[in-house]
Amino acid sequence: MSEAPSRPLPGAEVAAASATRSGDTCQWSVMGDDRFRPTSRTRANLPPGLYRIDEDQHGVFFALTHPAVDSLIRLPDSASDKVIAGIKAFWEAKARFQKRGHVYKRGVLLWGPPGGGKTATVNQMSVDLIESGGMVVWIQAPALAISGLAALRRIEPDRPIIGILEDLDELASRWSEHEILSLLDGENQVENVVFVATTNYPERLDGRMINRPSRFDEVIKIGMPSANARAVYIRSRLSETELPDGELARWVAATKEFSIAHIKELIVAVYCLDRGFDETLKRLQVMALRRPTSVNDGREIGMTARTGD
């Protein structure tokens, strides 16, 4: 999920300073100790969307981002659909969690080979939540996320949130394990949230992080798309006039073990750049063979053998 340039939503004091300079002031910001600062308009709730949490000299702020993603397609026979259905069921189960005294949160770790659809799954569940009025938070620094989510919960206690930790193995190498675990199930944890992490290399993660429910309640493999899923994806991009059914069957057979990214490049090369099918296919087959193979089946680190293959 690559981020396009975005304009941050500044904190109250930043907004006040900007408003003072522009002359667009209409109310007072209460600073405490009988001090008041002229400020522009405020809002009770952040707009639905995808945010990153950042900070400056004035403190933590939420910046609305505008990711550039391809149009989303739900593929059949995929673990992605099961993950998305599971998240939807979670959002509908709040009363049951509260009745039994459980913290209303969920953690899901998606693992599998690069290009298998982990990011697409995250994108789809993010769009679903945003369309229903929720927020998605891109987590790059666990300690900062703890502060930001705590502030968000004080202002909006019931807002559904998805927290995304993409490439969890890289985050774990950059930040301390304590910070990540504190975010997931420490004393500062928040409710009404789903943490979704992804990794290509689950064997690099410490067992204390991934083998304990309440940190990641589900560990799910997102494998390469099935023949049926490949057919649906290709047909969604190419009409029957462009690619007759007989040719579609050929493409599906030829793209076995291809990721969606590989199939997309095949379509782009042939139909957008006028490259030959056979030469493009050979190039992509070489790339697929060079795909990292260190992702194991999960047994070495105690993962549940639950897959979508």
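A donor-acceptor contact shorter than 3.5 Å is absent between the side chain of T25 and the backbone of T39.
Salt-bridge formation is detected for the pair E218/R106: a Lys NZ or Arg NE/NH1/NH2 atom is positioned less than 4.0 Å from an Asp or Glu carboxylate oxygen.
Contact detail for L144 and D54: the closest heavy-atom pair is CD2-CA, 3.7 Å. Nearest approach of N200 to D169, heavy atoms of both residues: N-OD1, 4.2 Å.
With sequence neighbours left out, F97 forms a ring-ring contact (aromatic ring centres under 6.0 Å, His included) with F90, Y104. By the side chain to side chain donor-acceptor pair (under 3.5 Å) test, D128 pairs with R74, Q124, sequence neighbours left out.
Connection of L266 to V268 is not established within any shared hydrophobic cluster, with ILVMFWY side chains joined at heavy-atom distances below 4.5 Å, either directly or through further cluster members.
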Q. Could you go step by step and tell me if I180 and R215 meet the side chain to side chain contact (heavy atoms under 4.5 Å, CB included) rule?
A. CA-CA 9 Å; I180 297 176; R215 292 170 182 171; over 6 Å; no

Q: Quick one: do D245 and R235 satisfy salt bridge (charged side-chain N to carboxylate O under 4.0 Å, His left out)? Show the steps, please.
A: CA-CA 9 Å; D245 286 343; R235 179 56 76 218; 2.9 Å; yes

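The aromatic rings of Y51 and F62 lie perpendicular to each other, with more than 60° between the two planes, well past the 30° mark.
Contacts classified as side chain to side chain donor-acceptor pair (under 3.5 Å) and involving residues 267-282 (residues at least two apart or in different chains) are given here: R250-D278.
The 12-atom threshold is not exceeded at NZ of K88, counting heavy atoms of other residues, nucleotides or ligands nearer than 6.0 Å.
Atom CZ in F216 sits 8.0 Å away from atom CG in L205 (nearest 0.5 Å).
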